[in-house]
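Right, one structure below, let's go through it.
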Amino acid sequence: MSERPPAALRSFLFVAGNHQQRFAKALQSGADAVIFDLEDAVPPAQKQTAREAIAAVLQQPRQCKAYVRLNGVPSGETMADLEAIASARLDGVVLPKAESVDDVRAVAYLLQRAESQRGLATGALDFIALIESAKALLHLEEIAAASPRLSRLAFGAADYVVDLDLQWTEEEAELAYARARLTHASRTSGLEPPIDAVVVQVNDTGRFRASARRARAMGFLGKLCIHPSQVEACNEVFTPSTEEVEHARRVLEAFAKSEAAGSAALQVDGVMIDYALVRKARRVLALARQ
């Protein structure tokens, strides 16, 4: 498996594409990426107006990355979305309700076509797929490996719990199976670590923080946000702490000395260290540097 450092994108903030008055606040929220939404948040009659508004805001200066959540393949709107918003100022797209290899490959083809029409390099636009249903989980490994263009999976828990008629509890035990599947499929397919689901209780920062910590412990390295007030907690949870960074440095320094002396196992801070935990320490420092 590749040991390249993961991309340091922790917070992905949604903003409805038909609410132009919210664009500036989203872009100034401190999120690593803003996702302008053309799908569920936008009524059919406002799709074209939203496309035009997003295309315009993409040309303005910003400090974060900009993604667009497209309308799904069955909608017949995906190509119209890309024709309106594809440009060198767009960082990537999010495919909602990805449920099959065909869904992913169709959007990969449309992305390549849009890049060619705009004079962009092939692969210039990043590609994230949202996993939101039991059917998607059934085909998850195939979806994750469907196209070399796909960089990450993201978890759409709101649709997932409705699809399976689950009770979305504060402890989120009902999400553990899907989360585990996403991290494993991402790893085996060579994708970036996945992005975790939203927390719909926008005024409950404690619940958001607990959810983010749970996801991070399960191998996620970022989370979807639906309100600017969630961004700060998201960035904090998915950033290695000072203690984690210092521990990682001690591990690498001690292991280098031990290895030079002919031993590949030792204790650091009361924890047995071997090559696997050395790799983990290197990941922590690489993420912290980013």
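Below, each value reflects all heavy atoms present in this structure, side chains not excepted, and no hydrogens, waters or symmetry copies.
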(request) Could you pull out the closest heavy-atom pair between A157 and A197, with the gap in Å? (result) CB-CB, 3.3 Å
(request) For ring pair (Phe, Tyr, Trp, His ring centres under 6.0 Å), just list the numbers for F238 and F220, CA-CA rounded to whole Å, side-chain angles, deciding distance to a tenth of an Å, and then say yes or no. (result) CA-CA 9 Å; F238 289 101; F220 288 73; 8.3 Å; no
(request) List the atom of T78, the atom of G72, and the distance in Å for their closest heavy-atom pair. (result) OG1-O, 3.2 Å
(message) Does this structure show an ion pair linking K223 with D32, if we count only N-O contacts that are shorter than 4.0 Å?
(response) no
(message) On a heavy-atom basis, which atom in V34 and which in A26 lie closest, and how many Å separate them?
(response) CG2-O, 3.5 Å
(request) Indicate yes or no: does K47 engage E77 in a salt bridge with an N to O separation below 4.0 Å. (result) no
(message) Ignoring hydrogens, what is the shortest heavy-atom contact between T205 and A233? Give both atom names and the distance.
(response) CG2-CB, 4.2 Å
(request) Any side chain to side chain donor-acceptor pair (under 3.5 Å) involving residues 127-139? Give me the pairs, sequence neighbours left out, ordered by first then second residue. (result) E99-S133
(request) Output yes when a side-chain donor or acceptor of H19 lies under 3.5 Å from a complementary backbone atom of Q21, and no otherwise. (result) no
(message) Check for me, please, whether F12 and L182 land in the same ILVMFWY cluster - side-chain distances under 4.5 Å, paths through other members count.
(response) yes
(request) Spell out, as yes or no, whether a donor-acceptor pair under 3.5 Å connects the side chain of S189 to the backbone of L191. (result) no
(message) Can you confirm whether L9 sits close enough to R152 that some side-chain heavy atom of one is under 4.5 Å from a side-chain heavy atom of the other?
(response) yes
(request) Using a 4.5 Å cut-off on heavy atoms from C-beta on, say whether the side chain of R62 contacts that of Q28. (result) no
(message) I'd like to check I35 versus V15 (side-chain heavy atoms, cut-off strictly below 4.5 Å). Are they in contact?
(response) no
(message) Taking ring-ring contact (aromatic ring centres under 6.0 Å, His included) as the definition, give me every residue that meets it alongside Y160, ordered by chain and number, with sequence neighbours left out.
(response) F155
(message) When you measure from the side chain of T188 to the backbone of A185, do you find a donor-acceptor pair of N or O atoms at a distance under 3.5 Å?
(response) yes
(message) Please give me the minimum heavy-atom distance between L150 and I143, naming the atom from each residue.
(response) CD2-O, 3.6 Å
(message) Counting C-beta onward and ignoring hydrogens, is there a side-chain heavy-atom pair between V42 and T49 closer than 4.5 Å?
(response) no
(request) Quick one: pull up OG in S29 and CD in Q63 and give me the separation to the nearest 0.5 Å. (result) 12.0 Å
(request) Report the distance from atom CZ of F14 to atom CD1 of I226, rounding to the nearest 0.5 Å. (result) 9.0 Å
(message) Closer than 3.5 angstrom, by distance alone: can the side chain of R105 be matched with the main-chain N or O of A146 as a donor-acceptor pair?
(response) yes
(request) For the pair L95 and V73, evaluate side chain to side chain contact (heavy atoms under 4.5 Å, CB included) and give the outcome as yes or no after the intermediate values. (result) CA-CA 8 Å; L95 170 65; V73 174; 4.3 Å; yes
(message) What I'd like to find out is whether the side chain of S211 reaches to under 4.5 Å of the side chain of D196, using heavy atoms alone.
(response) yes
(message) In the structure I gave you, are the side-chain heavy atoms of V237 and F208 within less than 4.5 Å of one another anywhere?
(response) no
(request) Taking atom types as modelled, find out whether E174 and T169 have a side-chain donor-acceptor pair closer than 3.5 angstrom. (result) yes
(request) Take F36 and F23 through the test side chain to side chain contact (heavy atoms under 4.5 Å, CB included) and record every step on the way to the result. (result) CA-CA 8 Å; F36 295 95; F23 288 1; 3.8 Å; yes
(request) Decide yes or no on salt bridge (Lys or Arg N to Asp or Glu O under 4.0 Å) for R214 and E171, but give the supporting numbers first. (result) CA-CA 9 Å; R214 204 173 288 121; E171 295 75 22; over 6 Å; no
(message) Quick check: do R149 and L111 have side-chain heavy atoms less than 4.5 Å from each other?
(response) yes
(request) Could you tell me which non-hydrogen atom of S11 sits nearest to which non-hydrogen atom of V231, and how far apart they are? (result) OG-CG1, 4.1 Å
(message) For R113 and Y109, which I'm curious about, is there any donor-acceptor pair between the side chains at under 3.5 Å?
(response) no
N/O donor-acceptor pairs under 3.5 Å from side chains in residues 79-88, not counting sequence neighbours:
unit_1: D81; atom_1: OD1; unit_2: R51; atom_2: NE; d: 2.7
unit_1: D81; atom_1: OD1; unit_2: R51; atom_2: NH2; d: 3.0
unit_1: D81; atom_1: OD1; unit_2: N71; atom_2: ND2; d: 3.3
unit_1: D81; atom_1: OD2; unit_2: N71; atom_2: N; d: 2.8
unit_1: D81; atom_1: OD2; unit_2: N71; atom_2: ND2; d: 3.0
unit_1: S87; atom_1: OG; unit_2: R89; atom_2: N; d: 3.1

(message) Checking V68 against L38 for the side chain to side chain contact (heavy atoms under 4.5 Å, CB included) test, could you report, in this order, the C-alpha distance in whole Å, the side-chain angles of both residues, the deciding distance, and whether it holds?
(response) CA-CA 7 Å; V68 171; L38 281 171; 3.6 Å; yes
(request) Please assess V93 against R69 for the test side chain to side chain contact (heavy atoms under 4.5 Å, CB included), listing each intermediate value before the final yes or no. (result) CA-CA 6 Å; V93 301; R69 178 160 71 169; over 6 Å; no
(message) Within the structure provided, determine whether T183 and P193 are in side-chain contact (heavy-atom separation under 4.5 Å).
(response) no
(request) State whether a side-chain donor-acceptor pair under 3.5 Å links R10 with T239. (result) yes
(message) Please check if the number of heavy atoms outside H184 that lie under 6.0 Å from its NE2 is greater than 12.
(response) no
(request) Decide, yes or no, whether a salt bridge links R209 with D204 under the criterion of side-chain N to carboxylate O below 4.0 Å. (result) no
